[in-house]
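What follows is one structure encoded as structure tokens, with my remarks underneath.
The first residue of the sequence shown is numbered 1, and numbering continues consecutively from there. Quick note: numbers below take in every heavy atom, side chains included, and nothing from hydrogens, waters or symmetry partners.
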Amino acid sequence: MKILVSGFDPFGGEKINPAIESVKLLPDEIKGAKIIKLEIPTVARKSLKKLEEVIEIEKPDVVINVGQAGGRTDITVERVGINMDDFRIKDNEGNQPIDEKIAEDGPDAYLVTIPIKAMVQKMIKNKIPASVSNTAGTFVCNHVCYGMAHLASTKYPNMRTGFIHIPFLPEQVVDKRNMPSMPLEMIAKGLECAIEAIVENKEDIKVEGGATH
């Protein structure tokens, strides 16, 4: 098995992005699966283009994208990507699409095809805070979550895709009062556990993981 794992570069005025930093710490092989690591730009369209270029060469079985979600308290595995760009802030090249479709010919949403609940349970069993998330936002993270699902649906039907959001690092919240964070090593361990669950589970497990709001 071959798994492509991407992380974004810093954005929003931050000097570091725990997404790419945690991806860099992943081993080159997890449970027999080859891990391909990739940094992608926090830029609409360009992020998808870079991913597709690598996918065409590597032909991965699974694509996992990792992004920073400042304010979240745990590692969150996304359930769905929606066909909508509505950027609250500009991306790293000044783009700020408002109410624009990511794929004109695509459905309104895609459910991810990775075993989200098995991934969450694996992290929790290893004492890493984790949960299922039902919104990836409407910025570049959702752009990539949806874009990769659309690419799989239209070009690589056997490729599974998904998205993981992670909290700030402790050094990012020194000047942000009451903002949660997580150490980089714990984030990287969480990602490793999540990937182990992907290798171990072709189908997801059926356990409670919903939300009331």
Rounded distance (nearest 0.5 Å) linking atom [atom1] of [X] with atom [atom2] of [Y]:
X	Y	atom1	atom2	answer
Leu25	Lys37	CG	NZ	8.0 Å
Asn134	Glu78	CG	CD	8.0 Å
Ile20	Leu38	CD1	CG	7.0 Å
Ser6	Ile164	OG	CD1	10.0 Å
Lys189	Ser22	NZ	OG	14.0 Å
Met123	Thr76	CE	OG1	8.5 Å

Notebook entry, point to check: More than 12 foreign heavy atoms under 6.0 Å from CD of Glu56: is that the case here?
Noted result: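 Atom CD in Glu56 is crowded, with more than 12 foreign heavy atoms closer than 6.0 Å.
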Check: Is atom CG of Asp105 surrounded by more than 12 heavy atoms (other residues, nucleotides or ligands) closer than 6.0 Å?
Finding: yes
Can you check whether [Y]'s main-chain N or O pairs, donor with acceptor, with [X]'s side chain at less than 3.5 Å?
X	Y	value
Gln96	Arg88	yes
Ser47	Ala44	no
Asn142	Gly81	no
Asn126	Ile128	no
Asp204	Ile116	yes
Lys46	Pro41	no
Lys34	Pro60	no
Asn17	Asp9	yes
Asn92	Val43	no
Glu192	Pro27	no

Closest heavy-atom contact between [X] and [Y]?
X	Y	answer
Thr138	Asp86	OG1-O, 2.8 Å
Ala197	Ala118	CB-O, 3.6 Å
Ile82	Tyr146	C-CD1, 3.5 Å
Ser131	Asp74	OG-OD2, 2.9 Å
Gly67	Ala19	CA-CB, 3.9 Å
Met159	Leu151	CE-CD2, 4.4 Å

Common cluster, [X]/[Y], ILVMFWY with side-chain heavy-atom separation under 4.5 Å:
X	Y	value
Leu51	Leu26	no
Ile198	Ile55	no
Ile64	Phe8	no
Val199	Val77	yes
Ile102	Phe11	yes

Notebook entry, point to check: Can Leu48 and Met148 be said to form a side chain to side chain contact (heavy atoms under 4.5 Å, CB included), step by step?
Noted result: CA-CA 7 Å; Leu48 298 179; Met148 287 296 97; 4.0 Å; yes
Next item on the list: Run the salt-bridge test on Glu52 and Lys49 with the 4.0 Å N-O cut-off and return the result as yes or no.
Entry: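 Looking at Glu52 and Lys49, the cut-off is not met.
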Margin query: Can you tell whether the side chains of Arg45 and Glu93 come within less than 4.0 Å, N to carboxylate O?
Written below: no
Is any side-chain heavy atom of [X] less than 4.5 Å from a side-chain heavy atom of [Y]?
X	Y	value
Pro129	Met182	yes
Ile195	Ile3	yes
Leu111	Val80	yes
Ile114	Phe163	no

Checklist line | Test side-chain contact (heavy atoms from CB on, under 4.5 Å) applied to Val5 and Val66, Ile36, Asn65, Leu191, the passing residue | finding: Val66
Return a table of donor-acceptor pairs under 3.5 angstrom between the side chains of residues 205-213 and protein atoms on other chains or two or more places apart.
| unit_1 | atom_1 | unit_2 | atom_2 | d |
| --- | --- | --- | --- | --- |
| Glu208 | OE2 | Gly210 | N | 3.2 |

Check: How are the rings of His150 and Tyr110 set relative to one another: parallel (under 30°), tilted (30 to 60°) or perpendicular (over 60°)?
Finding: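 His150 and Tyr110: tilted rings.
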Notebook entry, point to check: Can you list the steps and then say if Asp91 with Thr42 is a side-chain hydrogen bond (donor to acceptor under 3.5 Å, both in side chains)?
Noted result: CA-CA 6 Å; Asp91 69 16; Thr42 309; over 6 Å; no
Next item on the list: Just grab all the salt bridge (charged side-chain N to carboxylate O under 4.0 Å, His left out) pairs involving residues 159-185, residues at least two apart or on different chains.
Entry: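 Residue pairs passing salt bridge (charged side-chain N to carboxylate O under 4.0 Å, His left out), neighbours aside: Glu14-Lys176.
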Checklist line | Residue from Lys122, Lys31, Lys125 passing salt bridge (charged side-chain N to carboxylate O under 4.0 Å, His left out) with Glu196 | finding: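 Per the salt bridge (charged side-chain N to carboxylate O under 4.0 Å, His left out) rule, the option paired with Glu196 is Lys122, out of Lys122, Lys31, Lys125.
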Next item on the list: Dump the intermediate steps for salt bridge (charged side-chain N to carboxylate O under 4.0 Å, His left out) on Lys50 and Glu53, then the final yes or no.
Entry: CA-CA 5 Å; Lys50 186 164 186 179; Glu53 288 172 352; over 6 Å; no
